[in-house]
Amino acid sequence: MHELSVTQSILDIVLQHAKGRKVQQVNLVIGQFSSIVDDSVQFYWDIIAKETLAAEAKLHFERIPGEMTCNSCGHVFHPGSETFLCPSCESNAVRVSGGQEFQVDSIDVE
Amino acid sequence: MCDGHNHSHPTHTHTTTRVPVAEQILSANDRIAQRNHSLLHQKKVYGINIMASPGAGKTSVLLKTLEALKGRLRLGVIEGDPAGSIDTERALAAGMPAVQINTGGECHLDAVMMEDALSQLPLDDLDLVVVENVGNLICPANFRLGTHLNLVIASIPEGDDKPYKYPGMYMGMQALIINKIDLLPYVPFDMEYFHQGVEVLNPGIATFPLSCRTGEGLDAWADWLVEQARAEIIPR
Ligand SMILES: [Zn+2]
């Protein structure tokens, strides 16, 4: 059900920016730390976008992996799901440096 | 078709133009959450949003917290969990204003539901509104409500790898309760490993290990919450 409200929010944004033009593709950027958004978004889209200018739009997901940066040695890495330790120097002084994106990046219109 | 010198393209019937948008997907929800926050601020009411996975003991923490705050702050309750712990009727009978939100099957509360619930509470007579969010850890994190505090309740039996499994949730909170610490001798739970994960995602987060069964740690949590609330509701 989570995906339904997300899909509705995406549609609202898309129609607002389409300004009466037909939408071919919606380009989304979703970071790994941001949310779990799965393929059901396209499924909901096909239902709720019906009879709008975005009815035939394809949703394109750009997935950004989670990224951390080591404060000790500066190494940038993608953490696993079991540890956040720096793979280079094993320090635990690391910080989140990417993967929180959750936005409509652009739309392709006719 | 395009040589390096000619940048004009032939006109087709279906040309595609890319329109930059760069808008947060939940920006509409965030705007309403901001409105809720302003209302709470204006009414001098502190808001707390409680999130937990099923089985973390949200029920017990909530009831123990309300008990500990009784007489210190004027409390109101927003019940968002369809399988909710606080009996709305019982809260009302105890003189505690309570509102039940029908989420319509949604797995989370959103700012619109929160706005509606706030309009049904006597905010002028309240100091603290406790929101019980729907019991899962995946969805509610993204939907801001406008409360001052997002609280996550973790628990010992759930395991020490929760921060690694749900990084998004652990980044979005402002306080963390680790419930059921009385089970530590019986369950493999590496507290250091757990804390390390949390500290990476949310440096310096206020953390309260406690047990609703033995009462250990409850006072520290309740006192801290009262202090946070008073700092907000008492004009400086
Ligand atoms: Zn390092």
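All chains are named by letter (A, B, ...) in the order of the sequence lines, taking the proteins before the strands, and each is independently numbered beginning at 1.
Closest of all the heavy-atom pairs between B:Ser27 and A:Ile13 is OG-CD1, 4.1 Å. Smallest separation of non-hydrogen atoms from A:Gln100 and B:Met171: NE2-SD, 3.4 Å. Contact detail for B:His108 and A:Ser5: the closest heavy-atom pair is CE1-OG, 3.2 Å. Of all heavy-atom pairs spanning A:Ser106 and B:Pro20, the tightest one is CB-CA, 4.0 Å. What you find for B:Val19 and A:His17 is that their closest heavy atoms are CG1-O, 4.4 Å.
Looking at A:Ile107, both its backbone and its side chain come within 4.5 Å of chain B, counting heavy atoms on both sides. Only the side chain of A:Gln25 comes within contact range of chain B, with heavy atoms under 4.5 Å apart. Within the 4.5 angstrom heavy-atom criterion, no atom of A:Asn71 approaches chain B. At a 4.5 Å heavy-atom cutoff, the contact between A:Gln24 and chain B is made by side-chain atoms alone.
Residue with the most contacts toward chain B among A:Thr83, A:Asp12, A:Leu85: A:Thr83 (heavy-atom pairs, distance under 4.5 Å).
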Between A:Asn27 and B:Arg18, does the side chain to side chain contact (heavy atoms under 4.5 Å, CB included) criterion hold? Intermediate values first, please.
CA-CA 10 Å; A:Asn27 302 301; B:Arg18 180 153 290 190; 3.4 Å; yes
Let me see the working for B:Phe143 and A:Val6 under side chain to side chain contact (heavy atoms under 4.5 Å, CB included), right down to the final yes or no.
CA-CA 10 Å; B:Phe143 292 85; A:Val6 168; 4.3 Å; yes
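Crowding of B:His41 atom NE2: a count of heavy atoms from other residues, nucleotides or ligands under 6.0 Å not exceeding 12. With a 6.0 Å radius and a threshold of 12 heavy atoms from other residues, nucleotides or ligands, A:Phe61 has its CZ atom above the threshold. Around CD of A:Glu82, the count of heavy atoms belonging to other residues, nucleotides or ligands within 6.0 Å does not exceed 12.
We find the CD1-CG distance between B:Ile25 and A:Leu28 to be 5.0 Å, quoted to the nearest 0.5 Å. Separating the CG atom in B:Leu201 from the CZ atom in A:Phe84 is a distance of 4.5 Å, to the nearest 0.5 Å. Going from atom CG of A:Asp108 over to atom OG1 of B:Thr16 covers 6.5 Å, rounded to the nearest 0.5 Å.
No side-chain heavy atom of A:Arg95 sits less than 4.5 Å from a side-chain heavy atom of B:Val200.
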